[in-house]
Amino acid sequence: MRKPFVMGNWKLNGSIEMAKNLIDELREKLSTDFDCNIAVAPPTVYLDFAKHRLGGSNILLGAQDVDTHLSGAYTGDTSAAMLKDIGVTHVIIGHSERRTYHKESDELIAQKFAVLKETGLIPVLCIGESEAENEAGQTEAVCARQIDAVINALGVEAFNDAVIAYEPIWAIGTGKSATPAQAQAVHKFIRDHIAKQSSDVAKQVIIQYGGSVNDKNAAELFAQPDIDGALVGGASLKADSFAAIVKAAEQAKK
Ligand code: 13P
């Protein structure tokens, strides 16, 4: 049985005041032991503060990106070793916003995946098609290509203890989530695609859905057999909605 996993991606939002209030409220609302892994990914500059504020809670700490190098002359970057040093457990890589605004390639993202595995951090690999690709019927081809970049570089076993987040770009921040049936079909495709190489790896890999998940649509999405949780943007910035999404995941997977 896969344990559901709900992660909040704060993106470029927040302040010390906001992080303090949001984490304190989440700790209160999610204080009982949940049969669901929970993580928040604040901006890099607030990670250390968040770690201390989360201290002793069941909420894990995620980062939103990582550099491919562990140390050296790479001005402005943050290494996997540093993230691990301050208590990060999960790192989002390949988010469509980084693929788009920072021109990140599949190959670069596979290198980030590799450095996270080497360091003992859990990659949360974002994949997903644009609206144009969706309309052209290329959803499966795009997802397969983005996964294959990692498999080709590292082998399918790299997906042991890793997370995939299927985030159709047209659903991110638009309020227009994929329907549960649409998302399930792609999640099943992703799991089957991995199963072609290893059914054991496919069975245990966590596949989150991301894209306009909120407290209203979460339960229906989580009711799908291959949707193991969510990567939540906007709705993770409010304790009420994020906690409701966590509770929906736990309920659905009982
Ligand atoms: P929204 O939940 O705001 O659509 O963002 C999804 C996302 O990109 C999470 O990484």
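Just so you know, ligand 1 is whichever comes first in the structure, and atom 1 is the first atom listed for that ligand.
Residue Lys11 has at least one nitrogen or oxygen atom sitting less than 3.5 Å from a nitrogen or oxygen atom of ligand 1, judged on distance alone. Here's the thing with Glu97: none of its N/O atoms is less than 3.5 angstrom from an N/O atom of ligand 1. Between Gly210 and ligand 1, not a single N/O pair is under 3.5 Å apart.
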Can Glu25 and Lys238 be said to form a salt bridge (Lys or Arg N to Asp or Glu O under 4.0 Å), step by step? CA-CA 9 Å; Glu25 280 182 62; Lys238 294 261 169 1; over 6 Å; no
So Asp24 and Lys20, salt bridge (Lys or Arg N to Asp or Glu O under 4.0 Å) or not? Walk me through it. CA-CA 6 Å; Asp24 289 355; Lys20 177 162 83 63; 5.3 Å; no
Could you walk me through whether Asp226 and Lys188 pass salt bridge (Lys or Arg N to Asp or Glu O under 4.0 Å), step by step? CA-CA 6 Å; Asp226 288 294; Lys188 182 169 181 339; over 6 Å; no
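For ligand 1, the atoms closer than 4.0 angstrom to any heavy atom of Gly211 are 4 (O), 6 (C). Close contacts of ligand 1 with Leu231, meaning ligand atoms under 4.0 Å from a residue heavy atom, involve 9 (C), 10 (O). Each of the following atoms of ligand 1 lies closer than 4.0 Å to a heavy atom of Gly234: 1 (P), 2 (O), 3 (O).
Phe113 and Phe159 have their aromatic ring centers within a separation under 6.0 angstrom.
Residue contacts with ligand 1 for Asn9 involve side-chain atoms from C-beta outward but no N, CA, C or O (heavy atoms, distance under 4.0 Å). Contacts with ligand 1 closer than 4.0 Å are made by backbone heavy atoms (N, CA, C, O) of Ala171 only, the side chain lying farther away.
Nearest protein neighbour of atom 9 (C) of ligand 1, counting heavy atoms only, is Glu167 OE2, 2.9 Å. For atom 2 (O) of ligand 1, the nearest protein heavy atom (residue, atom name, distance) is Gly233 N, 2.9 Å.
Panel note: side chain Arg98, backbone Lys103; no donor-acceptor pair is recorded below 3.5 Å.
For the residue pair Gln146/Asp106, the side-chain donor-acceptor check at 3.5 Å is not satisfied.
Every heavy atom of Ala235 sits 4.0 Å or more from the atoms of ligand 1.
Between Asn9 and Val232, every side-chain heavy-atom pair lies at or beyond the 4.5 Å cut-off. A heavy-atom distance below 4.5 Å is not found between the side chains of Ile164 and His187.
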